[in-house]
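So the structure is just underneath, and the comments pick up after that.
Letters A, B, ... mirror the listed sequences (proteins, then strands); counts begin at 1.
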Number of protein chains: 2
Amino acid sequence: MLYRLPRNLGEDDLERRKPESSRLKKPSNPRSDPAFRDKLRDTVMGIGRRLIVQEGLASVQARRIASEAGCAVGSIYNVFQDLDALIIALNTVTLGELGSALKAAHDASKNAPTHERLLALAQAYFEFAGSNRQLWRAIFEHHLPEGAKAPAEYRDDQNSLFALVEDCLIDDISDAAERRRAARALFASVHGIVSLALDRKLGEFEPDETRKQIEFLVGCAARGLQAK
Amino acid sequence: MLYRLPRNLGEDDLERRKPESSRLKKPSNPRSDPAFRDKLRDTVMGIGRRLIVQEGLASVQARRIASEAGCAVGSIYNVFQDLDALIIALNTVTLGELGSALKAAHDASKNAPTHERLLALAQAYFEFAGSNRQLWRAIFEHHLPEGAKAPAEYRDDQNSLFALVEDCLIDDISDAAERRRAARALFASVHGIVSLALDRKLGEFEPDETRKQIEFLVGCAARGLQAK
DNA sequence: CGGCCTTTTTGAACGGCGTTCAAGCCGTAC
DNA sequence: GTACGGCTTGAACGCCGTTCAAAAAGGCCG
C-alpha cells in the first residue's frame with residue numbers, strides 16, 4: 001500500500017527561500033544563508049533520489065532520510081514543507097530528465113518523416129521508463145492530497161513534453177486544437193502501453209513485446225493520419 | 001505493509017472455506033461454519049467498497065473497517081490475510097464489473113465494422129472508469145509488495161478483457177500473435193488516455209476532450225489497420 | 001571575554017497506521 | 001458439568017509523518 005493520506009501542502013512551497021528573500025533581512029546567522037539551507041536540501045534530495053532508485057517511492061521516509069543524512073527528522077521539515085514537497089521536487093527533476101531525453105530524440109529526427117519521428121519519441125519514452133523504472137514510476141505513483149494542485153512547473157514540464165509530439169504533427173494536422181488533441185492522445189497511448197507493461201500486473205515485463213506494441217501503435221497512427 | 005510469507009496458507013486464501021472444504025472436518029462450532037465467516041467477509045467487503053467509492057483506496061483501513069463493522073480489528077484478519085488481500089478481493093470484483101461492461105459493449109456491436117466495435121469498447125471503458133472513478137483508480141493504485149504475484153484470477157480477468165478487443169480484430173489481423181499484440185496495444189492506449197485524463201495531474205478532467213482523444217486514437221487505429 | 005539575539009537543530013512526543021497474539025468467550029460434544 | 005476447539009477481542013508492538021519546546025550555534029556588541 002503505497003500512497004499516503006493527504007497532507008497539507010502549501011501551494012508553492014517549492015518556491016520558498018529564494019535568494020532575494022534572504023536579502024531583505026541580512027541573516028545574522030550564517031546558517032540561515034541560502035548556501036547552508038541548499039546544502040541540506042541537496043543532501044536530502046540526493047538521498048531521496050537514491051531511495052527511490054534502489055527501493056521505490058515507499059522508502060522515501062523522514063526518519064530514514066534523517067538517519068542517512070546524519071541529521072534529526074525535524075531538520076528535513078526545515079527545507080521541505082513535508083514529504084510530499086520533497087517527492088514533488090524529486091519528480092520534477094525526473095520530469096526534466098525525461099524531457100531532455102525526449103527532446104534529444106525529437107531533435108535527432110528533425111528531418112525524418114512523421115512516422116519515424118513519432119516512433120523515435122515513443123521509443124525514447126520507453127527507453128527512459130525502462131532504464132529509470134523506479135524514478136519513472138514515482139511520478140505516477142505519487143498522488144497529491146485531495147485539495148492540492150501540482151505546482152505550475154509540473155504542468156509546464158508535462159506540456160513541453162506534449163509540445164514535442166505536437167511539433168511532429170505540424171505537417172499532418174493543420175488545425176492547432178486538433179493537433180494538440182492528437183499529440184496528447186498519442187502521448188497518453190504510449191504511456192499506457194509502457195505503463196501496463198512495467199506494472200507487472202499481467203505476467204512479467206517483456207521489453208521486446210512492448211517495443212513491438214509501440215511499433216504497432218505508432219505505425220497505425222501514422223498510417224491513419226495519412227489515410228485521413 | 002509487507003507480505004509476510006503465509007503461515008500455512010497457499011496463494012489462494014481467497015478460496016478458503018468453500019463448502020466442500022468444511023465437509024472434510026465437520027465444524028464443532030457453528031461460528032466456524034462458512035456462513036458465519038462469509039457473512040463477516042461480505043460485511044467487510046461491503047464497507048471496504050464503500051470506503052473506496054466515497055473516499056478512495058487510502059481510506060481502506062483496518063481500524064476504520066472494524067469500527068464500521070462493529071467488530072474488533074483482529075476479526076478482519078480472520079477473514080482476510082491482510083489488507084492487501086482485502087483490496088485484491090475488492091479489485092477483483094471491480095475487474096469483473098469492468099469485464100461485464102466491456103462485454104456488453106462488445107456483444108451489442110456484434111455485426112458492426114471494426115472501427116465501430118473498437119470505439120464501442122473504448123467508450124465503454126471510459127464510461128466505466130468515469131462513473132466508477134475511485135473503484136477504477138483503486139485497481140491501478142494498489143501495488144503488490146515486491147515478491148508477491150497477483151492471483152491467477154486477476155490475470156485471467158485482464159486477459160479476458162484483452163480477448164474482447166482481440167475478437168474485434170479477427171477480420172483485420174489474421175496472425176494470432178500479431179492480433180494479440182494489437183489488442184493489448186490498443187487496450188493499453190485507451191487505458192493511457194483515460195488514465196492521464198482522470199489523474200488530474202494536468203489541469204482538470206474534461207470528459208469531452210477525453211472522448212475526442214479516444215475517438216481520434218480509435219479512428220487512427222482503424223484507418224491504420226485498413227491501410228496496412 | 002560575556003551577554004544578547006536570531007535562527008537552526010534536535011528528538012521526545014502525539015496520533016495514527018497495519019498487524020499480532022494471549023486471554024477470554026461460547027457453542028458443541030461427551 | 002467439563003473439556004474442547006475456534007472465534008473474538010483489544011491492548012501492545014513497531015512502524016509512520018509531523019510538531020514544537022527546548023537546546024545549541026553563530027554573529028554582534030559592549
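The side chain of A/S75 places no N or O atom within less than 4.0 Å of a non-bridging phosphate oxygen (OP1 or OP2) of C/dT8. Regarding contacts with the backbone of D/dT8, a side-chain N or O of B/N78 is found under 4.0 angstrom from either OP1 or OP2.
Atom pair B/L40:CG and D/dC7:P shows a separation of 11 Å (rounding to whole Å applied). One atom, CD1 of A/I65, and another, C1' of C/dG11, lie 17 Å apart when rounded to the nearest Å. The distance between atom OH of B/Y77 and atom C1' of C/dT20, rounded to the nearest whole Å, is 9 Å. If you measure from atom CG of B/D82 to atom P of C/dT20, you get 8 Å, rounded to the nearest angstrom. Residue B/H142 contributes atom NE2, which lies 12 Å from atom P of C/dG18 at whole-angstrom precision. In this structure, B/R64 atom CZ and C/dG16 atom P are separated by 12 Å, rounded to whole Å. The distance from atom CD1 of A/I87 to atom P of D/dC16 is 14 Å, rounded to the nearest whole Å. If you measure from atom CZ of B/R63 to atom C1' of C/dT20, you get 11 Å, rounded to the nearest angstrom.
With B/D157 contributing its side chain and B/S160 its backbone, the two residues share no donor-acceptor pair below 3.5 Å.
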- Query: Could you go step by step and tell me if B/E209 and A/R181 meet the salt bridge (charged side-chain N to carboxylate O under 4.0 Å, His left out) rule?
  - Reply: CA-CA 8 Å; B/E209 168 64 18; A/R181 170 154 53 243; 3.0 Å; yes
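For A/L83, the listed nucleotide lying nearest its side chain is D/dG17; candidates were C/dG18, D/dG17, C/dG11. Among the nucleotides C/dT10, D/dA11, C/dG18, the one closest to the side chain of B/V73 is D/dA11.
A salt bridge is defined here as a Lys NZ or Arg NE, NH1 or NH2 lying under 4.0 Å from an Asp or Glu carboxylate O, and A/R49 with A/E97 meets this definition.
Ring centers of B/Y125 and B/F187: under 6.0 Å apart, within the cut-off.
Using a 4.5 Å cut-off on side-chain heavy atoms (C-beta onward), B/F126 and B/V190 make no contact.
Each end of the helix from C/dC1-D/dG30 to C/dC30-D/dG1 gets its own axis, taken as the rotation carrying the C1' atoms of four end pairs onto the next four within a five-pair window, and the two axes meet at 40° to the nearest 10 degrees.
Side chains of A/R184 and A/N159: a donor-acceptor N/O pair is present below 3.5 angstrom, by distance only.
Partners of A/A101 under the side-chain contact (heavy atoms from CB on, under 4.5 Å) rule, at least two apart in sequence or in another chain, are A/F128.
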